[in-house]
Amino acid sequence: MFQDRLQQILLPALLAGFRELYGAAPDAEKIGFQPTRPEFEGDVTINVFPFLKLSGKGPEQTANAIGDHLVKHVEAVERFNVVKGFLNIVIADAYWAGFLHEASGTDLLRFPATGRKVMVEYASPNTNKPLHLGHLRNIFLGYSVSRILQAAGNQVVKVQVINDRGIHICKSMVAWRKFGNGETPESSGLKGDKLVGKYYVEFDKALKAEVKALEAKGMAPEEAAKTAPILREAQEMLRQWEAGDPQVRALWERMNGWVYAGFNATYARAGVDFDKNYYESETYLLGKEDVLKGLEGGVFFRKADGSVWVDNTAEGLDEKVLLRADGTSLYMTQDIGTAIKRFEEYPGLSRMIYTVGNEQDYHFKVLFIILKKMGLAWADGLFHLSYGMVDLPSGKMKSREGTVVDADDLMDEVVAEARATGEQLSKLDALGTAERDALFEMIGLAALKYFLLKVDPAKRMLFDPKASIDLQGHTGPFIQYTYARIRSLLRKAEEVPVDGRRLAGQQVQPATANYQLLPEEKAVLKLLHQFPAVLNESATKLEPSALANHAYEVVKAYNAFYQSVPVLKEEDPAKQAFRLRLSSTVAAATSRALWCLGIEAPERM
RNA sequence: GGUCCCGUAGCUCAGCUGGAUAGAGCACCUGCCUUCUAAGCAGGCGGCCGUUGGUUCGAAUCCAACCGGGAUCGCCA
């Protein structure tokens with residue numbers, strides 16, 4: 001159980017109290033600390049209902065006795081009140097001030113090194129078409145999770161699998177050779193992945209035309225779909241590729257090269273990167289040996305036709321084929337081999353996280369069971385970071401119907417929206433063109449990333465383009481705005497002498513001991529105080545949305561503070577120093593939280 | 001049909017390791033820029049937490065069934 005700074009103080013005292021009063025302490029896990037609801041006085045609430053058997057007393061009596069004990073033994077506990085079975089504890093202002101003092105000197109959202117190494121896989125595109133909105137959810141999720149794990153003290157290895165071989169790329173290659181007239185990204189000005197995607201579509205068109213023609217001649221539809229010459233051609237090309245035909249390989253490398261250039265441009269703009277790429281062309285033969293070894297070990301079994309299977313019926317699943325009768329392997333085989341290879345290449349990995357859509361839930365369930373059955377010690381550290389599809393207001397994205405939202409186009413749109421709003425507000429006139437461009441890029445992407453990350457990954461989500469470029473309310477830009485505002489405040493505090501004295505925070509000791517917190521200050525401090533626990537939660541559950549939502553809560557509270565409490569205009573230097581420190585700590589934590597989400601924090605906006 | 005995921009305000013989502021009168025944002029309405037950035041703040045409107053049962057002192061939260069939406073059940077990837 002993760003204990004925040006306050007729980008570390010309260011819990012032992014609480015347990016001691018129970019022991020002293022009732023001769024026995026409850027299970028520490030059973031004690032739930034929760035924030036006191038705003039309609040009651042207090043900061044932390046403990047519900048004593050679960051402990052009535054232990055105390056043998058009524059709820060009020062128990063809560064009062066425990067409350068008395070805490071007040072007596074814990075300095076941070078100022079007073080308490082009891083409502084029904086709820087013990088509402090008021091924490092002394094000095095505690096919060098002390099917390100701020102401590103937090104301002106450290107990074108709230110950076111945990112000590114755990115010594116653990118974790119691999120996170122995300123993106124994993126096919127090389128026959130450009131990246132789209134679905135990839136963006138995947139990429140932002142995976143990237144954010146890797147950053148969160150890093151912040152939580154882990155060493156992280158970011159990888160992607162590039163599905164660079166197979167019938168899909170052969171289709172693009174055939175169409176390009178037939179209809180391309182030597183078109184290249186340079187000659188056409190098209191981004192490489194777009195160009196290759198264009199020929200994938202061309203292939204599909206040609207195939208459909210051929211099928212139609214065959215049907216017109218009286219061929220059955222299924223038959224026609226299988227025998228269309230252009231499809232045969234693609235299949236033949238795949239065989240040639242596998243045989244290592246130099247011309248096919250050369251074309252394949254050339255076209256994939258175009259695609260990688262395109263992908264890299266998209267990744268760069270999206271602000272994500274990888275430590276290592278795994279190419280399917282290099283891994284698709286892996287796993288066969290491992291499966292055969294498993295067969296010898298009795299983990300798998302062979303059927304009469306010679307195919308090799310795993311029996312997962314005991315786990316409530318089915319039998320699954322791992323090697324065909326002719327000895328060739330399958331997707332599952334490949335994934336087995338790739339996982340083993342990765343753990344060999346990165347010894348000491350304690351976890352491996354696959355960011356893959358929930359349509360593959362079953363696949364990963366089976367994969368993990370197999371690896372466990374093979375006796376691989378690390379199999380328990382495997383995790384499928386599953387996420388739901390992204391729907392459009394018009395329904396599902398379908399490539400065949402052309403309703404797919406292209407990743408590059410989408411980024412253009414959100415940035416354009418940020419620009420339109422920014423220019424309308426016209427408070428950035430002092431900035432140069434390059435600076436403004438960079439800023440709009442930052443804001444637009446923040447809107448997009450936050451929109452995709454604030455939702456629980458498990459849930460299918462609706463992508464409303466209009467809402468995603470919203471810059472107000474519960475959005476990434478709102479958080480950035482608060483950060484920029486604080487930075488501006490802090491710059492002024494350092495640069496601008498007010499009433500003849502400079503306001504740099506260090507020059508005056510912030511109030512601590514007898515400081516009376518304003519409700520607005522306390523609200524911010526309490527949320528700041530929860531930040532590490534939320535990071536821990538996000539890191540444990542591999543779920544950026546918790547952190548995303550909390551970051552919003554923090555800046556929302558800060559905005560309320562900012563609106564009604566003077567900082568630079570405060571005349572009492574100790575109070576002013578306290579508020580500056582509060583502001584700078586919020587700014588630091590906010591930029592760290594944004595960093596964990598893969599979002600940049602602007603100095604002004 | 002089997003298995004898995006999801007169902008909370010008009011819309012998009014939090015809350016789900018059980019706790020007090022269920023929260024945000026958007027939209028709509030009212031106020032607030034001679035004061036540190038109004039991409040902001042304050043307030044209003046808006047709910048049978050899919051339905052029914054069960055467990056419990058207590059259920060949006062746990063269990064079961066049902067309804068609705070989706071995914072998956074290839075010797076495809």
Side-chain angles (χ1 to χ4, degrees), chain A residues 1 29-30 32 34 36-37 39-40 45 47-50 52 59 83-86 88 124 126 163 166-168 280 284 303 305 307-309 316-318 320-326 328-335 357-363 365 386 388-389 391 393 396 418 421-422 424-425 427-428 443 447 451 454-456 458-464 466-468 470-475 477-482 484-493 496 498 503 545-546 548-550 552-553 555-556 559-570 579-580 583 604-605:
Chain A
M1 179 174 98
E29 302 280 326
K30 289 264 164 58
Q34 42 188 308
T36 304
R37 296 190 67 101
E39 58 269 35
F40 301 97
T45 294
N47 189 324
V48 301
F49 271 111
L52 296 185
V83 182
K84 291 188 273 183
F86 297 93
N88 301 320
S124 305
N126 288 355
N163 299 302
I167 191 71
H168 55 85
E280 202 205 346
Y284 81 110
K303 285 199 174 173
D305 66 356
S307 55
V308 179
W309 295 69
L317 305 175
D318 297 321
K320 184 92 188 167
V321 66
L322 301 176
L323 284 176
R324 296 189 182 94
D326 63 5
T328 54
S329 59
L330 295 105
Y331 181 49
M332 186 65 78
T333 324
Q334 205 185 121
D335 268 7
N358 63 8
E359 68 273 12
Q360 295 200 38
D361 284 355
Y362 183 76
H363 173 77
K365 201 180 269 184
S386 169
M389 279 189 169
D391 286 327
K396 281 172 75 164
T421 306
Q424 199 186 328
L425 292 172
K427 51 184 175 184
L428 302 164
I443 296 169
F451 188 84
K454 73 174 174 184
V455 180
D456 177 357
K459 288 185 178 164
R460 189 186 184 88
M461 68 175 291
L462 182 82
F463 185 84
D464 180 352
K466 281 201 289 283
S468 75
D470 214 326
L471 309 174
Q472 280 150 26
H474 189 184
T475 65
F478 174 92
I479 300 172
Q480 289 179 315
Y481 174 71
T482 310
R485 242 182 177 184
I486 298 175
R487 292 298 304 157
S488 164
L489 192 72
L490 296 173
R491 274 194 302 274
K492 283 196 175 135
V496 184
V498 174
L503 296 172
S545 65
N549 286 306
H550 191 73
Y552 170 70
E553 296 294 331
V555 298
K556 196 166 124 80
N559 277 330
F561 157 81
Y562 179 92
Q563 198 76 25
S564 56
V565 180
V567 180
L568 298 182
K569 296 195 163 47
E570 170 59 47
R579 288 171 196 164
L580 281 171
S583 301
R604 62 196 84 224
M605 72 185 267

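Note on naming: letters A, B, ... go to the chains in the order of the sequence lines (proteins, then strands), and numbering restarts at 1 for each one.
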Inset, instruction - Start with the C-alpha gap between A:Arg485 and A:Tyr481, add the side-chain angles, then the distance that decides, and say whether side-chain contact (heavy atoms from CB on, under 4.5 Å) holds. - result: CA-CA 6 Å; A:Arg485 242 182 177 184; A:Tyr481 174 71; 3.3 Å; yes
N/O donor-acceptor pair under 3.5 Å between [X] side chain and [Y] backbone:
X	Y	answer
A:Ser583	A:Arg579	yes
A:Thr333	A:Leu322	yes
A:Arg324	A:Ser329	yes

I'd like to check [X] versus [Y] (side-chain heavy atoms, cut-off strictly below 4.5 Å). Are they in contact?
X	Y	answer
A:Asn549	A:His474	yes
A:Val455	A:Ser545	no
A:Gln360	A:Ser386	no

Euclidean distance for [atom1], [N] against [M] (whole angstrom):
N	M	atom1	value
B:rG50	B:rG69	C1'	11 Å
B:rC41	B:rC36	C1'	14 Å
B:rG15	B:rG54	P	29 Å
B:rC63	B:rG70	P	24 Å
B:rA71	B:rG10	C1'	28 Å
B:rU61	B:rC16	C1'	4 Å

Inset, instruction - Under 3.5 Å for both distances, Watson-Crick or G-U wobble, that's the pair rule; now give the dot-bracket for RNA chain B, with | marking pairs to another strand and [ ] for crossing ones. - result: (((((((..((((.....[...)))).(((((.......))))).....(((((..]....))))))))))))....
Legend entry - Test salt bridge (Lys or Arg N to Asp or Glu O under 4.0 Å) applied to A:Asp456 - qualifying residues, sequence neighbours left out: none
Inset, instruction - Kindly compute the distance separating CZ (A:Phe478) from NZ (A:Lys556), expressed to the nearest 0.5 Å. - result: 7.0 Å
Inset, instruction - To the nearest 0.5 Å, tell me how far A:Asn47 CG sits from A:Phe86 CZ. - result: 4.5 Å
Legend entry - Which residue lies more 5' along RNA chain B, comparing A:Leu471 with A:Thr45 via nearest heavy atoms: A:Thr45
Inset, instruction - Starting from the 5' end of RNA chain B, give me the residue, A:Val455 or A:Ala418, whose nearest nucleotide shows up first. - result: A:Val455
Legend entry - Candidates B:rA39, B:rC41, B:rA20 - which lies nearest the side chain of A:Phe86: B:rA20
Inset, instruction - Select one nucleotide: of B:rU21, B:rC4, B:rA39, the one nearest the side-chain heavy atoms of A:Arg37. - result: B:rU21
Inset, instruction - Sugar-phosphate means primed atoms, P, OP1 and OP2; the rest is base. With that split, encode nucleotides 29-37 of chain B 5' to 3' as B, S or - using protein heavy atoms under 4.0 Å. - result: ------SBB
Legend entry - Sequence-aligned protein contact record of nucleotides 56-62 of chain B, with B where the base is within under 4.0 Å of a protein heavy atom and S where only the sugar-phosphate is: -B-----
Legend entry - Cation-pi geometry met for A:Lys303 and A:Trp309 (6.0 Å, 45°): yes
Inset, instruction - Using a cut-off of strictly less than 4.0 Å, decide whether A:Arg460 has a side-chain nitrogen or oxygen near OP1 or OP2 of B:rG70. - result: no
Legend entry - Any A:Asn358 side-chain nitrogen or oxygen under 4.0 Å from OP1 or OP2 of B:rA71: no
Inset, instruction - Please check if any side-chain donor atom of A:His168 sits under 3.5 Å from a side-chain acceptor atom of A:Asn163, or the reverse. - result: no
Inset, instruction - Kindly indicate, with the supporting measurements, whether the criterion side-chain contact (heavy atoms from CB on, under 4.5 Å) is fulfilled by A:Leu568 and A:Lys492. - result: CA-CA 8 Å; A:Leu568 298 182; A:Lys492 283 196 175 135; 3.7 Å; yes
Legend entry - Aromatic stack A:Tyr552/B:rA24: centroid gap under 5.5 Å, interplanar angle under 30°: no
Please list each protein N or O that sits under 3.5 Å from an N or O in nucleotides 74-77 of chain B, with the distance.
residue, atom, partner, partner atom, Å
B:rC75, O3', A:Arg324, NE, 3.4
B:rC75, N4, A:Asp305, OD2, 2.4
B:rC76, OP2, A:Arg324, NE, 3.3
B:rC76, OP2, A:Arg324, NH2, 2.3
B:rA77, OP2, A:Tyr331, N, 3.1
B:rA77, O3', A:Glu280, OE2, 3.1

Legend entry - For A:Thr482, all residues meeting side chain to side chain donor-acceptor pair (under 3.5 Å), sequence neighbours excluded: A:Asn559
Inset, instruction - Provide, to the nearest angstrom, the distance between the NZ atom belonging to A:Lys365 and the P atom belonging to B:rU72. - result: 14 Å
